[in-house]
Amino acid sequence: MGAAGEGIIRLSHVDVRVPDLELALAYYAEVVGLVVTGRDGERAYLKGWDEHQHHSLILSAAPTYGLNSLGFKVGSLEELDRLARRVAGAGLDAARFHPGELYPASGTVVRFEAPSGHLIDLETGMRQVGNGLPQLNPPPAPADLVGIAPPRIDHVFLLCEDVDQITRFFAEVLEFRLTEQILADDGHQLATFLERDHSPHDIAFLTGPQGGFHHVAYWVDEWNDLRRAADACAYHGVTIDAGPTRHGATRGCGLYFFDPAGNRNEVFTGGYWFDPDDEPTTWTESEMGRAVFTYRGQVDQSFMSVHS
Ligand SMILES: [Fe+2]
């Protein structure tokens with residue numbers, strides 16, 4: 001072992017519920033500026049322009065909003081099998097799906113419910129569609145980008161009742177590395193940040209309702225892109241929840257806003273690189289406000305509203 005791509009590579013995709021698929025599709029395609037790569041019945045598939053795989057966002061028509069599932073990219077069938085054995089070894093039941101069985105473009109997927117109540121897909125071999133640029137002498141970006149046009153998905157922020165438990169599961173079973181944690185005065189973990197891709201986080205957990213969904217974040221390249229994103233939100237009448245601002249935890253910068261269904265989105269930039277042998281950063285409960293929003297130093301109650 002030890003080859004590049006061992007284990008989980010990164011966050012791959014989220015499957016989000018929307019009551020009005022056409023409205024949500026218009027928003028994600030024209031305001032967020034994701035690329036639509038497919039439609040089948042009650043689902044639409046989208047990706048950031050620089051992603052090569054078929055989708056990083058699935059919109060599923062449903063009576064409610066919220067998160068159906070999230071997926072992580074695995075480098076090979078051998079690694080998927082190895083991780084599936086670790087999940088089974090932790091006492092969880094997992095279902096296995098052949099390529100195209102779960103979604104038309106999906107690869108081989110191992111699906112299980114995590115102790116946090118979230119449905120998780122480990123996937124290898126999703127159909128590749130390319131990033132829209134030629135592989136020979138490409139320009140820096142496609143000429144037809146619209147809206148915010150983030151290049152790729154970045155992270156997902158979830159809630160559950162027992163953050164200590166899910167953090168242990170992600171670290172010990174799925175081999176994530178803890179980058180940051182917010183500790184309560186009694187020592188338990190209020191929030192944790194975990195990575196596989198060497199960024200500050202692929203996924204984060206905050207204490208809250210089991211199976212809860214706080215936001216999905218797409219990457220933008222720089223702080224000025226957050227201003228342009230806020231301009232796009234204002235132009236299109238999209239409700240801005242917070243930012244542009246700076247986080248203490250992750251040292252990233254972000255802007256939060258809502259899709260038409262009520263799912264919270266973020267565009268995120270900054271942060272740092274995390275090596276596997278780096279030590280995690282700890283925040284105390286009294287500094288939690290600054291860990292979330294550096295400048296205001298406090299978290300508005302509206303920002304804590306979540307959906308499960
Ligand atoms: Fe975030």
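For ligands, and for the atoms within them, numbers begin at 1 and follow the listed sequence.
- With respect to T192, the side-chain contact (heavy atoms from CB on, under 4.5 Å) criterion is satisfied by exactly one of T179, I182, L183, T167: T167.
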TODO: Assess whether side chain to side chain donor-acceptor pair (under 3.5 Å) is satisfied between S60 and R17, documenting all intermediate values.
DONE: CA-CA 5 Å; S60 291; R17 295 189 294 273; over 6 Å; no
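- Atoms of the protein (N, O or S only) found under 2.8 Å from the Fe ion (ligand 1) are H155 NE2, H215 NE2, E266 OE1.
- Separation of the F157 and H215 ring centroids falls under the 6.0 Å cut-off.
- E266 meets the salt bridge (Lys or Arg N to Asp or Glu O under 4.0 Å) test with no other residue; sequence neighbours excluded.
- Under the 4.5 angstrom side-chain criterion for Ile, Leu, Val, Met, Phe, Trp and Tyr, the cluster partners of Y103 are Y45, I58, F97, L102, V109.
- The hydrophobic cluster around V35 extends to W49, L133, L145, counting ILVMFWY residues whose side-chain heavy atoms fall within less than 4.5 Å of a member.
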